[in-house]
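A quick write-up on the structure given underneath.
When a ligand or atom number is given, it counts from 1 through the structure's own listing order.
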Amino acid sequence: MTFQSSQLFQRDLLRWYADQARDLPWRERDDQVVDPYRVWLSEIMLQQTMVATVKRYYEVFTEKWPTVFDLASAKEDDVLAAWSGLGYYSRARNLYRCARYVVEHYNGVFPDDESSLKKLPGIGDYTAAAIRAIAFNQPAVVVDGNIERITSRVLKFNGVLPKAKKELKKQASFLFEGLSDSHGDFPQALMDLGATICSSTSPRCLLCPVQAHCAAYHTDDPELYPCKAPKKKKPVKYATAFFIQSDDGSFYMRKRGDEGMLAGLYEIPTSEWKKNILNQNDVKDNSFFNLIKKEYGKGQITHSFTHFDFVVDVLSGDVECQTILPDGEWIMYNKIKNYGVPTVMKKIIDEGRRCIKKA
Ligand code: SF4
């Protein structure tokens with residue numbers, strides 16, 4: 001039996017969800033009212049990030065800034081520092097801008113209509129739909145990665161991603177058709193099914209509450225859905241980072257500009273990021289290299305960004321006592337939690353410290 005009725009599919013899924021919903025900190029408990037601020041915060045954090053990681057950050061954010069007013073009156077640097085390690089930092093900057101916008105223009109009350117939501121910084125089609133459904137129980141077709149995967153399997157959708165993404169999203173609306181209530185629960189039930197049963201590599205079809213409606217279940221390999229084009233190999237970029245330490249153990253970091261990658265975050269100074277392996281002159285001509293009085297040797301780290309892999313040689317050395325440098329700060333290691341430091345820079349710091357300890 002395959003997908004014939006969205007109502008039966010919805011009924012079976014919602015029954016399962018009533019019993020098996022994941023206990024997530026941003027979901028309301030029995031006697032609580034859904035807080036759109038918390039729904040919005042969790043949805044922004046969950047973009048491209050695993051639930052287990054988000055839980056920790058969500059708890060820190062809601063403790064520091066329990067309401068949208070608190071977040072809007074925070075300092076942007078503090079928000080970036082609390083976001084450090086979560087990646088995709090434009091989300092944090094938009095989060096902060098959005099909180100300020102909601103306070104200034106909506107007196108702290110999130111709007112519930114699609115067009116107003118999509119005018120807010122950092123809110124696109126998906127997040128607007130998720131907020132409308134989950135925070136306001138409004139009908140909305142919410143399609144995240146889990147829901148794409150379930151749709152492609154239940155309907156045995158043969159389009160190839162990413163090209164067929166738009167079409168797959170249209171197909172997902174069949175699952176939502178005729179949903180009369182439970183507009184918030186239904187997409188969350190799909191998300192839970194995707195996270196716990198209909199996983200990408202080994203779906204547990206025998207435990208699946210919607211098995212009777214699933215076309216891919218009758219194939220040998222339901223995990224082959226959604227069909228995906230082979231991944232292109234990512235390009236590689238190279239740089240040298242200068243981990244320079246003063247005699248009191250502090251090291252030098254500077255703040256990146258307001259535009260572009262990792263904007264507004266703190267970095268260890270590096271050479272230019274190039275497509276080819278650097279030559280000696282790229283390093284020796286760098287003003288930070290020339291500050292080093294005692295060199296401790298070279299380490300290396302790698303980091304994967306969405307669009308390229310990054311290979312960084314880490315050169316560690318001592319400078320004269322806190323040499324005056326523009327645009328930066330000398331920071332003690334135990335204070336970096338107060339700064340917005342992205343994961344790639346944390347790796348460089350750890351590698352620099354390792355080289356110094358080893359020397
Ligand atoms: S039957 Fe299997 S493939 Fe189909 S929705 Fe359930 S877990 Fe996914």
Side-chain angles (χ1 to χ4, degrees), residues 1-24 26-27 42-43 46-55 125-127 129-130 132-134 137 139-231:
M1 192 173 160
T2 55
F3 195 75
Q4 286 165 354
S5 157
S6 50
Q7 273 83 12
L8 294 181
F9 176 90
Q10 291 157 9
R11 181 202 63 190
D12 291 347
L13 183 66
L14 286 166
R15 274 186 191 158
W16 171 81
Y17 182 70
D19 196 40
Q20 300 288 332
R22 286 176 295 171
D23 183 16
L24 299 174
W26 46 87
R27 286 186 178 163
S42 64
E43 285 299 334
L46 285 163
Q47 292 166 9
Q48 324 267 0
T49 310
M50 311 280 286
V51 165
T53 310
V54 167
K55 276 184 181 171
D125 290 347
Y126 166 76
T127 311
R132 285 176 55 229
I134 300 170
N137 198 33
V141 178
V142 183
V143 189
D144 72 348
N146 281 317
I147 299 176
E148 270 181 3
R149 185 167 64 254
I150 294 165
T151 303
S152 73
R153 290 176 180 173
V154 168
L155 302 179
K156 223 167 111 195
F157 175 73
N158 283 312
V160 178
L161 300 184
K163 213 172 163 193
K165 222 175 166 72
K166 223 171 162 182
E167 180 53 32
L168 181 55
K169 196 177 166 196
K170 266 197 212 154
Q171 300 279 322
S173 63
F174 290 127
L175 306 189
F176 289 75
E177 230 166 51
L179 190 64
S180 57
D181 196 6
S182 307
H183 298 296
D185 282 352
F186 183 64
Q188 295 188 88
L190 285 167
M191 290 169 194
D192 284 15
L193 184 74
T196 60
I197 294 201
C198 192
S199 57
S200 355
T201 48
S202 25
R204 301 189 296 154
C205 300
L206 293 179
L207 300 176
C208 179
V210 295
Q211 181 205 91
H213 312 281
C214 179
Y217 174 65
H218 300 286
T219 67
D220 288 340
D221 299 301
E223 65 272 23
L224 295 183
Y225 293 88
C227 312
K228 288 186 180 160
K231 275 195 179 157

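- Atoms of ligand 1 lying under 4.0 Å from any heavy atom of P222, numbered from 1 in the order shown and given with element: 3 (S).
- Between the side chains of D181 and N137, a donor-acceptor pair is found at a separation under 3.5 Å.
- For ligand 1 and Q211, the ligand atoms under 4.0 Å from any heavy atom of the residue are 1 (S).
- Near C205, with a cut-off below 4.0 Å to any heavy atom, the atoms of ligand 1 are 1 (S), 2 (Fe), 3 (S), 7 (S).
- Under 2.8 Å from atom 8 (Fe) of ligand 1 lies an N/O/S atom of C198, whether from backbone or side chain.
- Under 2.8 Å from atom 6 (Fe) of ligand 1 lies no N/O/S atom of C214, from backbone or side chain alike.
- The shortest contact between atom 6 (Fe) of ligand 1 and any protein heavy atom is with C208 SG, 2.4 Å.
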- Step by step, would you call W26 with I134 a side-chain contact (heavy atoms from CB on, under 4.5 Å)? CA-CA 11 Å; W26 46 87; I134 300 170; over 6 Å; no

- Query: Do W16 and L207 pass the side-chain contact (heavy atoms from CB on, under 4.5 Å) test, and can you show the C-alpha distance, the side-chain angles, and the key distance before you say yes or no?
  - Reply: CA-CA 11 Å; W16 171 81; L207 300 176; over 6 Å; no

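- Checked by atom type, the side-chain pair T127/Q47 shows a donor-acceptor distance below 3.5 Å.
- Under the 3.5 Å distance criterion, with hydrogens and angles disregarded, a donor-acceptor pair is assigned to the side chains of Q171 and E167.
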